[in-house]
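Worksheet: the structure to be examined is printed underneath.
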2 protein chains.
Amino acid sequence: MKPQRVTLADVAAMARVDRAVVSRVINKDPTLNIRPQTRERVLAAIDELGYRPNVAARSLRTSRAHMFGLFIPDFANPVYAEIIKGAEAEAAAQGYVLVTGSASGTGMGSGTGLGEYMDRIGQGRIDGLLLAGTGDEPGLIEQLDRAAIPWLMLNNRSRGVKRYVILDDQRAAALAVEHLVRLGHRRIAHLAGPSSADTATRRSAGYSAAMRAAGLPEGPITAADYTPAGGAAAMGRLLAGSERPTAVFVANVASAIGAMEGVRSAGLEIPRDMSIVAVHDLPLASYLYPALTTVRMPLAELGRRGVTLLGSLKPDDTVAEVMAGPIELIQRRSTAPPGERR
Amino acid sequence: MKPQRVTLADVAAMARVDRAVVSRVINKDPTLNIRPQTRERVLAAIDELGYRPNVAARSLRTSRAHMFGLFIPDFANPVYAEIIKGAEAEAAAQGYVLVTGSASGTGMGSGTGLGEYMDRIGQGRIDGLLLAGTGDEPGLIEQLDRAAIPWLMLNNRSRGVKRYVILDDQRAAALAVEHLVRLGHRRIAHLAGPSSADTATRRSAGYSAAMRAAGLPEGPITAADYTPAGGAAAMGRLLAGSERPTAVFVANVASAIGAMEGVRSAGLEIPRDMSIVAVHDLPLASYLYPALTTVRMPLAELGRRGVTLLGSLKPDDTVAEVMAGPIELIQRRSTAPPGERR
DNA sequence: TTGTAAGCGTTATCAC
DNA sequence: GTGATAACGCTTACAA
């Protein structure tokens with residue numbers, strides 16, 4: 001019952017060596033030439049005393065915190081949950097701790113809350129920062145650079161900043177459209193995301209390219225927030241048009257949920273009157289009614305990759321990477337040939 | 001473009017005072033008697049140089065990390081997303097950083113992964129630890145106590161450990177049952193959670209108490225994992241029984257999702273043939289088909305409360321708190337009087 | 001093969 | 001009112 005902290009000195013005393021030796025044993029210094037029995041004594045003492053190195057002292061000395069930051073808009077968004085999982089696993093594999101902060105954990109007086117997050121993080125607590133789904137805030141990138149903290153945007157680009165890893169949203173969109181074409185649809189609408197979201201513009205580009213490739217005219221296009229409410233309103237606009245489409249590619253699951261509601265509340269049936277396919281195969285997709293056809297992309301891998309890159313980023317490196325990795329269409333019940341019930 | 005770190009000494013030099021003075025200005029030392037103009041010089045220098053205190057040095061000196069840990073089973077579980085949000089906001093309000101780790105971020109060789117998390121966290125990095133939805137692992141609590149790190153279990157109790165904050169799951173369950181009774185149901189089944197989950201046993205107790213209070217015989221009871229698959233299987237057992245219930249109280253949304261699928265695939269209709277109500281009003285509940293009636297509990301508040309308590313916990317304090325706060329039934333379309341369509 | 005000593009950037013206790 | 005100084009616990013040349 002002694003709440004005294006045990007330090008290197010205690011271990012050294014018990015093992016009858018110098019603190020330096022203990023330190024080098026712990027850190028597996030390859031240049032250390034030590035007698036096996038001495039090493040044993042040290043190891044035994046560490047074990048006996050339950051010694052654990054003090055992180056603050058170590059960080060101060062080495063100026064490495066062994067901690068990465070990850071900033072996201074919202075923990076409740078399952079897209080980021082997947083990214084976090086990958087990032088955390090990779091960080092752990094490297095012996096790093098991941099400290100994830102969200103915009104919702106801040107007052108958000110202005111902007112994304114990134115500034116407040118960085119204030120709380122303080123100087124010297126993290127060795128790198130991943131920015132997922134958030135734009136930069138004016139001046140913050142500069143602040144990071146001045147502090148020589150490597151940073152990287154995940155799943156999102158911003159204003160010509162050349163330090164990002166993104167998924168191949170364009171290909172994902174194309175996959176979705178091709179699926180609809182294959183089912184026989186010709187009037188394929190696009191329920192796009194907000195133009196402020198980088199993913200939205202990439203998915204829209206993919207839609208356009210795929211429609212062109214299929215020799216089809218781009219159907220009605222309308223944009224909405226990545227929210228159910230936005231999706232429902234947008235679907236209303238789509239249904240009010242003169243030539244009603246038979247299928248729609250929705251840029252995001254959240255809007256798709258609203259879009260489905262929009263179809264139902266117009267007295268129509270999915271997929272008979274409207275096929276729907278959306279991006280990101282989140283767990284909840286299979287529990288919607290009807291189960292939603294989606295495009296799956298490697299979100300967790302994106303998180304992993306971000307951490308990996310962060311670890312090996314030089315000050316002025318530029319990173320513009322589109323993640324390789326499987327992108328697949330997960331067919332469920334929300335898509336069918338036009339007029340069919342499924 | 002100087003990646004040099006600016007330290008207290010730099011500020012002191014620029015303001016032509018001693019480091020000690022700068023330190024005391026920054027920390028608003030009330031015993032500091034300083035000439036206004038001097039303070040101005042210091043503040044100006046801090047601003048000019050963009051000085052930010054080094055966290056490692058500060059931690060080493062004060063042995064406070066200004067960081068709390070939070071360990072959860074899985075980021076993808078929306079229940080924890082809510083808890084995190086509350087905890088993060090409260091931590092931020094106290095000037096603390098929250099470092100959330102999950103079991104999925106570890107190899108999970110054995111147990112919950114808590115051990116690996118704590119290893120990575122190391123000594124002196126956190127001032128307190130919140131354990132949400134995880135049992136203790138043998139020896140880990142002792143390790144925390146030895147290191148004098150306050151800890152607290154959230155939403156979960158374990159083996160007679162008297163340091164927890166939980167929600168009033170019993171009352172939540174009662175609310176759900178009372179709702180069904182009010183609709184006219186008499187054969188009300190219970191799809192319980194796994195007996196290993198503390199929340200499950202409390203919800204079951206609430207079910208029993210409410211049934212007794214209503215003068216109804218406890219309907220069939222069956223247990224399942226907190227997963228859709230478990231819920232579907234359990235619903236199968238319920239439907240196979242001799243006297244089919246007209247309503248069921250499901251301990252958890254995830255199992256409820258499976259249970260709904262189970263009802264549908266038996267060719268029955270919700271709520272006409274079976275009313276369903278479940279615990280936790282997660283966002284997705286309103287997007288299920290039919291929209292799920294739930295009981296809402298203050299999850300974010302639970303997170304906040306946990307952090308608040310952590311901050312003021314003395315070594316041998318005992319905490320056994322059932323959160324006050326609103327618990328309400330959110331009626332949607334999955335419940336109706338027996339035989340009615342809604 | 002092991003020990004010595006300096007220093008990382010702070011804060012706290014004095015002294016002036 | 002402000003300055004000196006000694007820790008906090010660790011790593012890393014370099015010395016022995």
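Sequence lines set the chain letters: A, B, ... in the order given, protein chains first and strands last, and positions in each chain run from 1.
Closest approach of A:L98 to B:V99, counting heavy atoms only: O-CG2, 3.6 Å.
For A:R39 and C:dT1, the CZ to C1' distance is 12 Å, given to the nearest whole Å. In this structure, the CG atom of B:D29 is 17 Å from the P atom of C:dT10, given to the nearest Å. Atom pair A:L60:CG and D:dA7:C1' shows a separation of 12 Å (rounding to whole Å applied). Counting to the nearest Å, the C1' atom of D:dG9 and the CZ atom of B:R125 are 15 Å from each other. Atom CD of A:Q123 and atom P of C:dT10 are 9 Å apart (whole Å). Going from atom CG of A:L8 over to atom P of D:dA7 covers 18 Å, rounded to whole Å. The nearest whole Å value for the distance from the CZ atom in A:R58 to the C1' atom in D:dC8 is 16 Å. Look at CD1 on A:I26: it is 11 Å from C1' on D:dG9, rounded to the nearest Å.
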Apply the test side chain to side chain contact (heavy atoms under 4.5 Å, CB included) to residues B:I46 and B:V42: give CA-CA distance (whole Å), side-chain angles for both, the deciding distance (0.1 Å), then the verdict. CA-CA 6 Å; B:I46 289 175; B:V42 171; 4.1 Å; yes
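Between C:dT11 and B:S23, a contact under 4.0 Å exists linking OP1 or OP2 to a side-chain N or O. Contact annotation: A:T62 side-chain N/O to D:dC10 OP1/OP2 distance is not under 4.0 Å. Between B:R61 and C:dG9 there is no side-chain polar atom (N or O) within less than 4.0 angstrom of OP1 or OP2. Neither OP1 nor OP2 of D:dC8 sits under 4.0 Å from any side-chain N or O of A:N54. For C:dG9, the OP1/OP2 oxygens have no side-chain nitrogen or oxygen of B:R19 closer than 4.0 Å.
Within the 4.0 angstrom heavy-atom criterion, only backbone atoms of the sugar-phosphate kind lie near A:T38; the bases stay farther away. Counting non-hydrogen atoms under 4.0 angstrom, A:I34 reaches the backbone sugars and phosphates but no base.
Using a 4.0 Å cut-off between a side-chain N of Lys or Arg and a carboxylate O of Asp or Glu, B:D317 and B:R163 do not qualify as a salt bridge.
Nearest-nucleotide assignment on DNA chain D puts the 5′-proximal partner with B:N33, out of A:A57 and B:N33.
Counting only heavy atoms from C-beta on, A:R35 has its side chain closest to C:dT2 among C:dC14, C:dT2, D:dG9. Comparing D:dG9, C:dC14, C:dC8 by their nearest atom to the side chain of A:R5 picks out D:dG9.
For the side-chain contact (heavy atoms from CB on, under 4.5 Å) with B:V165, the qualifying choice from B:N155, B:L130, B:L309 is B:L309, the only one to do so.
Counting heavy atoms from C-beta on, the side chains of B:V17 and B:T38 come closer than 4.5 Å.
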